[in-house]
Number of protein chains: 2
Amino acid sequence: MLTATATRTSPLPMGQVAQLPPAEGYPAGPHPAATPSARAAATTLLDGLPGARPGVTFARDQEIVADGTPAHACWEILSGCVRLVSLTDDGRRQVTDFLYPGDIIGLEALDTFDYSAEAVTRATLRRVPRGAIESRAATDAAFAGALRRMLAERMRAARARLVLLGRMSAAQRIAHFLLEMQARIGTPGSPTFDLPMNRSDIADYLGLTIETVCRGLTDMRRRHLIAVSRTHITLRDAAALPAALEQLH
Amino acid sequence: MLTATATRTSPLPMGQVAQLPPAEGYPAGPHPAATPSARAAATTLLDGLPGARPGVTFARDQEIVADGTPAHACWEILSGCVRLVSLTDDGRRQVTDFLYPGDIIGLEALDTFDYSAEAVTRATLRRVPRGAIESRAATDAAFAGALRRMLAERMRAARARLVLLGRMSAAQRIAHFLLEMQARIGTPGSPTFDLPMNRSDIADYLGLTIETVCRGLTDMRRRHLIAVSRTHITLRDAAALPAALEQLH
DNA sequence: CGCTCCATTGATTAACTTCAACAACAGTGG
DNA sequence: CCACTGTTGTTGAAGTTAATCAATGGAGCG
C-alpha cells in the first residue's frame with residue numbers, strides 16, 4: 001500500500017529511561033488537545049515510561065497501526081491528526097475517531113488492533129510498549145486512574161457519536177461535527193479554524209457521502225451560518241447552529 | 001414518569017462488608033454474560049466491595065439511573081436486561097447499549113451520568129458506591145486492571161456499533177443484531193433464543209424505525225434464514241446470514 | 001369479551017446515495 | 001511563469017432506501 005518511510009524526528013537513542021514523574025499531576029482529562037494551553041504542555045501521560053521511543057514522523061495518509069496486527073505498543077500523538085478506520089465486510093469505510101496531540105492509540109486494544117490508524121496530516125507520534133504501560137499501571141495507582149479516566153472519556157465521546165449516527169439528520173451531523181472540531185482544534189474565542197481532514201474523511205466519520213457533506217456545508221453557507229473555503233471554516237453564528245437545525249430543511 | 005417501586009430481593013442489611021477476595025481471579029473479560037457458564041458464576045467483579053447493597057429489583061421499563069444526575073454509584077447487573085438510552089436535542093431516542101448480568105452501569109461515568117438506564121425486563125441490580133470502586137482500584141492493581149479491561153472491551157463493542165450505524169444497510173444491521181444477541185444471550189450450539197427487548201428498543205438500538213425492523217425480520221423469514229415469533233428467534237442458517245446480506249435486496 | 005399494546009403490512013414521501021459532469025486548486029516539469 | 005495533470009471539491013439529475021403516515025392483526029389481560 002503506502003511506501004513512505006517513518007523517520008525519527010530526533011537522533012536520541014531508543015529505550016531511554018527518564019525518571020518517573022510524581023504520581024500526582026497527570027492530565028485530568030483524556031483530551032488535553034481540547035484545551036490549547038495543554039496542547040503545548042511539556043509533559044503528557046506517557047512521559048518517562050521505559051521503552052518509549054523518541055518521536056516518529058508519519059507522512060500524510062501513512063499507516064501507523066494495521067487492523068488485525070498484534071497490539072504490542074500504544075502510540076501517543078505528539079503533533080498532527082490521526083484517524084482510526086474500520087471497514088465493513090463488504091469494504092465500506094468508517095472513520096471511528098479523529099485523534100489529536102495528547103490522545104493515545106491502542107489504549108482499548110486487547111490482543112490485536114481491531115482498526116487501523118492512519119495519519120490525516122503529517123504527524124509525530126511516540127511509541128510506548130504496552131508492557132511498560134501495564135506494569136506502570138500495576139504499580140502506580142494514580143497513573144492507572146488517569147488511564148481509566150481517559151478511556152472513560154473516550155467511551156463517552158463514542159456514545160455521543162452513536163446518537164449522532166443513529167438518530168441525526170445529515171445537516172445535524174455536519175453541524176455537530178463543526179462544533180466538535182471548533183472545541184478540539186479551534187482557539188477559544190475565535191470563530192475560525194482549519195480542518196485537518198478532507199471531505200472524504202469527514203463523510204466516513206459522519207456516515208454520509210462526500211456529496212452530502214458538500215451540500216450540507218454549502219447549504220449552511222447560503223444561510224450565512226458559516227463561511228467555508230477548502231479547509232478554512234468560520235462559524236458565523238455558532239450559537240444558532242444547533243437551533244437552526246431543529247427545523248431542518 | 002414511572003412510578004413502580006424498587007423492592008429488595010433479600011432482607012439483608014445494607015452496607016454489609018464482606019471480606020475481600022484475592023487479587024487474582026477476576027473475570028478476564030467484561031462480558032461474563034457472553035459465556036453462559038459465567039452467567040451463573042458465584043463471584044462477579046464487584047463482589048465484596050464495602051458499601052455494596054444487596055440486590056434491588058426493578059420492574060420492566062423502570063428507570064435505574066437518570067440522565068444528568070450525579071454518578072454517586074455504579075450498578076452491577078445480577079439478572080435481567082438493561083438498556084442505556086440517550087436523547088437528541090429534538091427528542092429522538094437512541095439506545096446506546098444493552099447490558100446483561102455481569103455488566104456494570106456507570107463505569108465510564110465521570111461526574112454525572114450522560115445517559116439514563118432502564119430495565120428492559122424485570123431486573124436485579126446491586127448498587128456499589130463509586131468511592132468504594134475507586135479506592136479498591138487505588139489499592140488493588142489486579143482489580144484496576146480488570147476494570148480497565150472491561151472498559152476496553154466496551155469501547156471495542158461501541159466502535160463496532162459505530163461501523164454498524166454509519167455504514168451498514170438496514171438488513172445488515174438487523175442480521176448483525178441477531179448474531180450479537182445469539183452470542184450474548186443464546187446457548188452455544190442452540191440456534192434459538194428469546195429477545196428480551198421489544199421492536200421499539202431494537203429499532204432505537206439500530207438507528208432504524210420499528211417498521212423497518214419488522215420488514216427486515218419478515219424478509220429474512222421469507223428467505224428461510226430465520227424463524228420469528230414475537231420474541232422467539234431461530235437462526236436457521238447463522239453462517240449464511242452475513243453472506244446473504246452482501247448481495248443486499 | 002372487549003380493551004390495550006405491540007407487531008405487521010401497505011402506500012406514499014422524503015432524505016440520502018449514486019452516477020455524472022464540471023470547477024477549483026496544488027503540484028510538476030517545461 | 002505557465003501549461004499540463006491529477007486530485008479534491010462542488011453541483012445537478014436520477015435512483016434507492018428507509019421514514020412517515022395509515023390501517024389492520026393478534027396476543028395478553030382486566
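As a basis for the values below, the full set of heavy atoms in this structure was taken, side chains included, without hydrogen atoms, waters or symmetry mates. Sequence lines set the chain letters: A, B, ... in the order given, protein chains first and strands last, and positions in each chain run from 1.
- Between B:Glu211 atom CD and D:dT17 atom P the separation is 18 Å, expressed in whole Å.
- OP1 or OP2 of C:dT9 sits under 4.0 Å from a side-chain N or O of B:Arg221.
- Atom CZ in B:Arg93 sits roughly 15 Å away from atom P in D:dA19 (whole-Å rounding).
- Each of C:dC19, C:dT8, D:dG9 was ranked by its minimum atom distance to the side chain of B:Cys214; first place goes to C:dT8.
- At D:dT8, one or more side-chain N or O atoms of A:Arg60 fall inside 4.0 Å of OP1 or OP2 (strictly under the cut-off).
- With respect to the salt-bridge test (charged N to carboxylate O, under 4.0 angstrom), the residues B:Arg156 and A:Glu108 do not qualify.
- For the pair A:Asp204 CG and C:dT17 P, the interatomic distance rounds to 11 Å; values are reported in whole Å.
- Side-chain contact check for A:Arg83 and A:Tyr205: no donor-acceptor pair (N or O, by modelled atom type) lies under 3.5 Å.
- A cation-pi arrangement is present between B:Arg159 and A:Tyr115, with the terminal nitrogen or guanidinium carbon under 6.0 Å from the aromatic centre and inside a 45° cone about the axis.
- Contact annotation: B:Thr218 side-chain N/O to C:dT8 OP1/OP2 distance is not under 4.0 Å.
- Side-chain N/O atoms of B:Arg92 and base N/O atoms of D:dT20 include no donor-acceptor pair closer than 3.5 Å.
- The nearest whole Å value for the distance from the CD1 atom in B:Ile174 to the P atom in C:dA7 is 14 Å.
- Using a 4.0 Å cut-off between a side-chain N of Lys or Arg and a carboxylate O of Asp or Glu, A:Asp219 and A:Arg223 qualify as a salt bridge.
- Listed nucleotides C:dA7, C:dT18, D:dT20 differ in distance to A:Thr209; the shortest reach to its side chain belongs to C:dT18.
- Distance A:Met197 CE to D:dG9 P: 12 Å, rounded to the nearest Å.
- Rounded to whole Å, the distance from CD on A:Gln172 to C1' on C:dA15 is 13 Å.
- Between the P atom of D:dA23 and the CD1 atom of B:Ile210 lies a distance of 18 Å, rounded to the nearest Å.
- Residues B:Asp89 and A:Arg167 are not paired through a salt bridge, judged by the lack of any N-O separation under 4.0 Å between the basic side chain and the carboxylate.
- Backbone-only contact: B:Leu208 has heavy atoms under 4.0 Å from sugar-phosphate atoms and none from a base.
- No engagement by A:Gly216 is indicated, since no non-hydrogen atom pair under 4.0 Å with the nucleic acid exists.
- With hydrogens and angles left out, the side chain of A:Arg215 and the base of D:dG12 share a donor-acceptor pair within 3.5 Å.
- For the pair A:Ile202 CD1 and D:dT8 P, the interatomic distance rounds to 13 Å; values are reported in whole Å.
- Comparing A:Arg230 and A:Thr212 by the nucleotide of DNA chain C that holds the closest heavy atom to each, the one mapping nearer the 5' end is A:Thr212.
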